[in-house]
Number of protein chains: 2
Amino acid sequence: MLDKYTTLIKIVSGYIMNQNNFESRVTIDHVASLCGFSKATVSRVINREGSVKPATEAKVWEAIKKLGYMPNNAASALSGGKTRTVAVYLPDVKTEYYAALLTGLEDVAEKKFFNIIIKTKNNKKALYDLAINNKVDAFVLRNNGLQPFDHDVLVAIKRQGIPVVFIGKPPTESDSHAILIDNVGGARLMAHHYVQHGFKNILFIAGPKDNIDSNDRLYGFKMGLNEMSADIQTLDIAHGDFQRESGYQAAQETFENHKYDAVFAASDHMALGAMLYCRSKGIRVPEDVAITGFDDTFFSEFLDPPLTTVRQPMQDIGSIAMETVLNILEHNSSRFQKMILPTQLQIRKSCGCTHT
Amino acid sequence: MLDKYTTLIKIVSGYIMNQNNFESRVTIDHVASLCGFSKATVSRVINREGSVKPATEAKVWEAIKKLGYMPNNAASALSGGKTRTVAVYLPDVKTEYYAALLTGLEDVAEKKFFNIIIKTKNNKKALYDLAINNKVDAFVLRNNGLQPFDHDVLVAIKRQGIPVVFIGKPPTESDSHAILIDNVGGARLMAHHYVQHGFKNILFIAGPKDNIDSNDRLYGFKMGLNEMSADIQTLDIAHGDFQRESGYQAAQETFENHKYDAVFAASDHMALGAMLYCRSKGIRVPEDVAITGFDDTFFSEFLDPPLTTVRQPMQDIGSIAMETVLNILEHNSSRFQKMILPTQLQIRKSCGCTHT
DNA sequence: CTGAAAGCGCTTACAG
DNA sequence: CTGAAAGCGCTTACAG
């Protein structure tokens, strides 16, 4: 190895140009020969484990810097070490919601020199493969409550000792790290605002039955109404799937028989659907009916009227999820098991406020 | 190895449960002992290279299926084989534009059992690392013309023989695979439509100076105008950065001194910005001024008025880019170097049409 | 057409 | 605190 190193005529960060002007990557052996220690020692300082004399540690780092050495993850992974990559499962990336999440995730991964392998399909075999074949150090899994995770996959991940943090409620309550948002609190605030407007006949467009997020939002909404001893005459519930089209349909089906003062949709997309229905029927928003949503997606503030909604900090969720999982990796622990991020009421015009 | 295999009491796809009920991954050795051939042969049939007798090939596949064997990519990568992962660089994933691209990319990668490592920062070192350290088999690079690629990185990728396909114009024209969209054609169609409306005083809100996409759109627009021998009195150009805010500003700065019949923005976001400016000033769209965009982003059809724009098939661009790069990997060639996907005029109401 | 063997670049007991 | 050596699971000349 040493000879290989000594024949080199030019070093550029991360690779070596030899006399044939042929590039070859710099390996741990190059570093070892440069600093005069064995590669075992070099490995130890890189992974910051095992005790190494400070003096030698310094020399090793010096050699690493000089050569621009970067460990080969494939080799590390194969020999039982780390891959410096985390798998991120994000169903349905095509909405801005997930795009923001991904941005947050990548921002922090990039800073820590981690790679992200992104999965958007709940494919048991593919997820299995990542866990079993030591391709990733950790998982960040978005649970939207719509596509349940395969139990075997979860078990396999756990058995491998691979940390996972969920975005959204974890499928099994115990000992799971999770980043959640305050669905209950946000919907509760919306209820208080409804009471201020004096709405009495209300339609709640929910997500799928049994969907956790939707249920929490409904729960918080009712709680808020009760707290204010609101005089509610009707609170109807329609079920959608969080998508725009289902919001349109929910409005279509319920508006025929009822006259509502306001509709609160469990997602901005469904709120948009309801608005489009109204637009198509000449029903004025908010004059004839107020419409509000949940999420504060990109487009919500640009609708006409701008949508009153509950804002959730999507990009932050992503950043915090990644920070959490990286912390677990580094210190074998996290400061918390579950973190609930606050939501806030975003008042615009679709509720009837004349806010600028 | 054989003994290891024969002591197993339960096989579940992809891993083996031994008598201690401890899971261990099934390796090429397991497959080899099951089918009675050497692992060299197993490797050959998996990678479909080297000549293997059809009969033995069949037996090998049978064993693979039976054990649910999946090769360990880290090991393949380390020994000079394939990683079955492709790096995707997508600046600015937070817009729906890139989310759609990513969806297309992932759809096809997933079907072919490829993983995607996603990068959103133009980080020289990180990209270098992926190329040099054999972490990926291929690259898909989005060139938005705003963040130029580091030349050294491109050279290193090429020297490693790693195929890359660009989304958007490649930085170096020759011998680069690229998926492009017909900017010129789309803008040309918009020009024809403008002529039908009889617009004579026009503002074009461009992207940054020197931006290829923007320039092509302007070029096509002018071409379309000329073709129709349009009687244009003013064609002013303002420069933005494709983002909403810059569209707002462009309108703000130009509307003071000029009265336009129509503004054509090089992106929907800038068109939205211009619409918001008009909304804030009580200028009616399209009655006082028509506004049209380019992209057909998610929200465009839900604006009020719905935005007339040029549609580009973002998800298809992603799918085709991935298919192309995977084809190159598999057959060492692609049917084309450059593919230009068609764009189409999406007529809605912001141009003044009374289309439903 | 097939196999034995070397080697990819690391990590990690095991010694000392 | 440090090193020699084995091993992770593949691929690929090299023989035959």
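Source: prediction; values computed, not measured. A note on names: the letters A, B, ... follow the listed sequences, proteins ahead of strands, and every chain is numbered from 1.
Taken together, the paired segments of DNA chain D that extend over three or more consecutive Watson-Crick or G-U pairs, each closer than 3.5 Å at both contacts, are C:1-3 with D:14-16, C:5-12 with D:5-12, C:14-16 with D:1-3.
Residues satisfying the salt bridge (charged side-chain N to carboxylate O under 4.0 Å, His left out) test with A:D129, not counting sequence neighbours, are A:K135. With sequence neighbours excluded, no residue satisfies salt bridge (charged side-chain N to carboxylate O under 4.0 Å, His left out) with B:D316. Every residue two or more places apart in sequence or in another chain that forms a side-chain hydrogen bond (donor to acceptor under 3.5 Å, both in side chains) with A:E110 is listed here: B:N123. A search for ring-ring contact (aromatic ring centres under 6.0 Å, His included) contacts involving B:Y89 returns B:F149, not counting sequence neighbours.
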TODO: Could you encode protein contacts along nucleotides 10-16 of chain D as a string, one character per nucleotide from 5' to 3', using B for base contact, S for sugar-phosphate-only contact and - for no contact, with a heavy-atom cut-off of under 4.0 Å?
DONE: BBBB---
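Rounded to an integer number of Å, the gap from A:H30 NE2 to C:dC8 P is 10 Å. Following rounding to the nearest Å, A:K135 (NZ) and D:dC8 (P) show an atom-to-atom distance of 19 Å.
Of all heavy-atom pairs spanning A:Q147 and A:N122, the tightest one is O-ND2, 3.2 Å.
Using a 4.0 Å cut-off between charged nitrogen and carboxylate oxygen, A:D137 and A:R84 do not count as a salt-bridge pair.
Of the options A:L90, A:T120, A:I167, A:L105, a side chain to side chain contact (heavy atoms under 4.5 Å, CB included) to A:Y98 is made by A:L90 and by none of the others.
Between B:L78 and B:T56, the residue anchored closer to the 5' end of DNA chain C is B:T56, taking for each the nucleotide with the nearest heavy atom.
Considering CD of B:E106 and CZ of B:F114, their distance stands at 12.5 Å, rounded to 0.5 Å.
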